[in-house]
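Some notes on the structure that comes next.
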Amino acid sequence: MRVTYAEFKRRLRVQQALNRKLDEVVEINAAANEKNWMLTGVNNMNDSLQGVNNRDELVRKCLHTLTAFADFTAGAFYCYDDKYQDLRLYAAVSMPAAIPQAVPLNDGFLGTAVSGKEILVISDVPANYWQLNSSSGHLQPGSLVMMPLWIENELLGVIELASFRKVTPLQLRLLEVLSKDIAVAVNAANAREKILHLLQQVQEQREILISQQEELRQSNEELSRQSEVLQASEEELKVQEEELRQVNAEITERNKDLEMARGALSLKATELEASNRYKSEFLANMSHELRTPLNSVLILAKMLQENKDKNLTGKQVEYAGIIYKSGSDLLHLINDVLDLSKIEAGKVEMEFENVPVQSIVEDLSDLFDVVSHEKQISFAKNLAPDVPAAIHTDKLRLLQVVRNLLSNAFKFTPAGGVVSLSLYVSTPGTLCISVTDTGPGIPADKQELIFNAFHQGDGSTSRKYGGTGLGLSISRELTQLLHGALRLDHSGPTGSTFTIVLPVNATIPGAVPVTPVKDIAPQIQSPVAVNDDRDNLTKQDKLILIIEDDVHFADILRDFARNKGFKTIVAHNGQDGLAYARKFLPVAIILDMNLPVIDGSSILKILKSSEELSKILVHVVTGADIQAIKEDNIHGYTRKPLELSDLEAVFTSISAQLQARLKKVLLVSVGPLSAGATLETMSAERNLGSRYDIAAGIPEAQALLAGTKYDAVIVEIGKDLQAGLQQLEALTQIPESGDTPLLVYLDQDITGSEEQQLKKYASAIVRNSTHATDRLMDELELFLYKLQKKTNIEDTATIWTEGNLSGKTVLLADDDMRNVFSISALMEEQGISVLTAADGREALEVLQQHPTLDLVLMDIMMPEMDGYEAMRHIRADARFQQLPVIALTAKAMAGDRQKCLEAGASDYIAKPVDNIKLLSLLRVWLS
């Protein structure tokens, strides 16, 4: 019996263990089923969202999938409308007809649900809330779910779901998972609609531009007709001019006495102008000569004070700090003296604008709240209720004056004292700004003198407070330029009060020369390592030079330019920026105006005066106003601070202007040239700045010519020469082709008579050969940048007459006597006098003997002294800076061409020399 009972207990324990295991299996199975159900719901939703581009269709499919799978009886999908700032119904399933089409934010359950990002569940819905109807009856929903859709901090919409039963946690978890996918899909659909809308706007603008181009063409034709009328009038004016010249000769005799008197007056005026110029130059030189050595002292003292190498004693570091502080004080003194001189010389420009009064108070609070805390002085700001919201004045100068008054107040007020800034209206149209302190006050006998330069309340050798005595003098002068007044209201042992009285609407004075007054010493920056692309440049790169002294902002511009496909070089001062511009010749420059060493205004003048640098696109990005800069000196201006959209606009403007500068070439071809890649690559290597459109035939070319003004047309003629002639004739009859140069590329040799037929239509003919594409590039460069206009066969005959080049003297330097003989014979036929030299050294000697010759033809490979060195010697002589020098090179590679130009060549021509091209180059450079 005992054995049986033990066996029974053992079996009971086993049964209980099996039951527990079974319960665990049931729980695991339930969890797996829930997970599978969740995954199936996500998969169904993803399937419904894929391939749908329209937002309405996407919203409808999403809602149907959600209600069908998640076991919801009804639902509605509301999307957020940016225009009306409310929720708009886009889809509904089984909802009553009276469902609202628009729901304001924070209105009802639906409008309130979007205020957060969590799903809102409402259970036990009242019977009179609303009903779901069908043909068999109607019922009230048991639960409501509000699911807001967000992308980060952007509201996209909300989904309302209704169920007859209570919403289960599993359903809520599914909704939480699906809300992100639905939000992403809706956001993508919204973005797609915006892009389509923008595309439609671009298409409409393009049509407007096409119509404007047609109007411009018609205007140009009208101008051409008027030009002919003007030429006839010009002939009549020449006759009248000759008659007037005779009358002027008689008047000239009578004016000699007047000229003598005028000369005496001019001499006096010149002396006066020179005196003023010397004074201005003295101020500028003093500014530079005084600040430059101090900058070095400050930099070196700061480096010693930092003691990065840890090789100085504590006393030495302390001494370096004293040197740095003393140098800074001296620099402040120099700035004050120069500022006062500039004010007295009338070199200050006032920039009047509408300035919010509250912004003045906030700027001063930001600056002096810290000072008051450090010195344990109370700083009170009082703004009367009747003070206007804004005044018309120069904010920079006004802040400079108030800052000086507050600085003095904090300097003379002891710890525990009070400094107050009060703004009030004394009379209509007048604003008063008072600064009051609780310092020792100003002696009565000094109160009239403190506004004079270098006068102080306590000027004794044992004075307690420092200073230069210039602050109040400068402040009074600036206040007068603001059409106001600065006065001392009262001063005694309990403190002093200074008041600035300004008109609310000041008028702008007459323009005066601009020399900005600075109230703080310029910050001295240590050299910063630059991370740019100067060591990773190719000739095909679009290079932008960034001249910006703010290191962090320069890095932002650099990274943004790289993202836009540009290579960059960064300079943190004007001197380096100008050197990089000359060395690398960038396509564009982003320029700050307030730069160390050389400022932005000087850089703009240098760029404008240089023929090579004046072609560079310049976009100014600065925090200063640039009214004094002529608009034709820059191609764009953006004022700091910049937002991301401003940066986008800067680089969009640069890209658009660079694209507009490209020379447009039309290629009519179905042969090897039609690929266009070879021509584009060679154009990039030569920096021709051109883009190519390709037409497969005359109809397509005619359509392109009708919509675009091309700078040149290249026609590739295949084996059928007669068909090619017909094509050329058809092209020349297109009105839009006008005077566009026509270049012909041949696949075969032709006879002399066939060449004459081609020349009736073509400006140049290139035959297919080993260097045919190089020759084609030479001709294209010639017509794009030198001749500029198509020359027909009759003009060509006139051009190459002996009279055009007759009487010119050319020096030919070449060590190959065969080349000397052939080229000399060719030029002598045109009436040119030819001087020869066998090497570069002999060429220099001939040039010294005949300094008035007109042109030099310089071979590159010669003994003793090659052509590169000879050209450098020529350019080193100031007499021959403008002398045309054409290099003769055996190769036409882009590298050789660039090397010739860098050595001083004006142009180059490849051997073997083409007679027609040589004569055309001679005419271009001798004209």
Side-chain angles (χ1 to χ4, degrees), residues 299 522-608 610 612-626 629 633-662 684-685 687 689 898:
I299 291 173
Q523 294 184 352
I524 300 172
Q525 298 179 343
S526 300
V528 179
V530 178
N531 177 21
D532 56 21
D533 303 311
R534 69 185 66 188
D535 299 324
N536 186 27
L537 294 176
T538 63
K539 292 185 179 180
Q540 288 77 28
D541 290 333
K542 293 186 293 183
L543 178 62
I544 288 183
L545 172 59
I546 299 170
I547 310 178
E548 170 63 59
D549 61 336
D550 186 336
V551 177
H552 302 295
F553 184 59
D555 291 342
I556 293 173
L557 290 173
R558 177 202 61 200
D559 296 338
F560 211 90
R562 286 175 174 173
N563 291 335
K564 295 298 182 181
F566 295 99
K567 291 290 185 70
T568 59
I569 291 178
V570 179
H572 294 307
N573 62 68
Q575 182 177 3
D576 290 346
L578 195 57
Y580 295 157
R582 289 178 172 139
K583 179 178 179 181
F584 296 100
L585 293 178
V587 298
I589 296 176
I590 296 178
L591 177 67
D592 189 14
M593 298 305 295
N594 298 323
L595 293 170
V597 187
I598 301 177
D599 62 11
S601 299
S602 301
I603 291 177
L604 285 174
K605 293 177 183 177
I606 295 171
L607 293 177
K608 186 69 174 178
S610 171
E612 187 176 36
L613 301 180
S614 62
K615 301 175 183 177
I616 300 176
L617 189 150
V618 180
H619 192 107
V620 172
V621 178
T622 181
D625 289 328
I626 57 169
I629 299 175
N633 281 4
I634 61 175
H635 302 84
Y637 165 55
T638 304
R639 188 167 184 176
K640 297 178 182 177
L642 275 70
E643 298 181 359
L644 186 61
S645 59
D646 298 323
L647 280 177
E648 285 283 356
V650 168
F651 285 95
T652 300
S653 174
I654 291 175
S655 299
Q657 293 184 66
L658 291 177
Q659 187 68 22
R661 289 185 173 188
L662 294 179
E685 290 177 353
N687 293 323
Q898 187 63 29

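A donor-acceptor pair is defined here as one N or O able to donate and one able to accept, closer than 3.5 Å; such a pair exists between the side chain of N573 and the backbone of Q575. A distance-only check finds a donor-acceptor pair linking the side chain of K567 to the backbone of N536 [under 3.5 Å]. Although no hydrogens or angles enter the test, the distance criterion places no donor-acceptor pair under 3.5 Å between the side chain of N563 and the main chain of F560.
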Going through the distances and angles, do V551 and H572 end up as a side-chain contact (heavy atoms from CB on, under 4.5 Å)? CA-CA 7 Å; V551 177; H572 294 307; 4.0 Å; yes
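No side-chain heavy atom of L545 sits under 4.5 Å from any side-chain heavy atom of K583. A 4.5 Å side-chain heavy-atom check between F566 and S655 finds at least one atom pair inside the cut-off. F651 places a side-chain heavy atom less than 4.5 Å from the side chain of I544. Residues D532 and I546 fail the side-chain proximity criterion, which asks for heavy atoms closer than 4.5 Å. Residues L607 and I589 are in side-chain contact: their nearest non-hydrogen atoms beyond the backbone lie under 4.5 Å apart. No side-chain heavy atom of D550 sits under 4.5 Å from any side-chain heavy atom of D592. The shortest side-chain heavy-atom distance between F584 and L537 falls under the 4.5 Å cut-off.
Taking CZ from R558 and CD1 from I590, the interatomic distance works out to 13.0 Å, rounded to the nearest 0.5 Å. Atom CG in D599 sits 11.5 Å away from atom CD1 in I547 (nearest 0.5 Å). We find the CD1-CG distance between I598 and L578 to be 5.5 Å, quoted to the nearest 0.5 Å. Interatomic distance, S653 OG to E648 CD, rounded to the nearest 0.5 Å: 12.5 Å. Here D555 contributes atom CG and N531 contributes atom CG; the two are 7.5 Å apart, rounded to the nearest 0.5 Å. Here I556 contributes atom CD1 and E548 contributes atom CD; the two are 9.5 Å apart, rounded to the nearest 0.5 Å.
In terms of heavy atoms, K542 sits closest to V587 at C-CG2, 4.3 Å. Contact detail for I569 and Y580: the closest heavy-atom pair is CG2-CD1, 3.7 Å. Closest of all the heavy-atom pairs between A581 and P586 is O-CD, 3.7 Å. The shortest heavy-atom contact between A554 and V570 is CB-CG1, 3.9 Å. Closest of all the heavy-atom pairs between L595 and G600 is CD1-N, 4.2 Å. Closest approach of I654 and A588 over heavy atoms only: CG2-CB, 3.9 Å.
For D533, the side-chain hydrogen bond (donor to acceptor under 3.5 Å, both in side chains) partners at least two apart in sequence or on another chain are R562, T568.
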Without placing hydrogens or testing angles, list every side-chain donor-acceptor pair under 3.5 Å for residues 613-620, not counting sequence neighbours.
unit_1: S614; atom_1: OG; unit_2: S610; atom_2: O; d: 3.1
unit_1: S614; atom_1: OG; unit_2: E611; atom_2: O; d: 3.1
unit_1: H619; atom_1: NE2; unit_2: T638; atom_2: OG1; d: 2.9

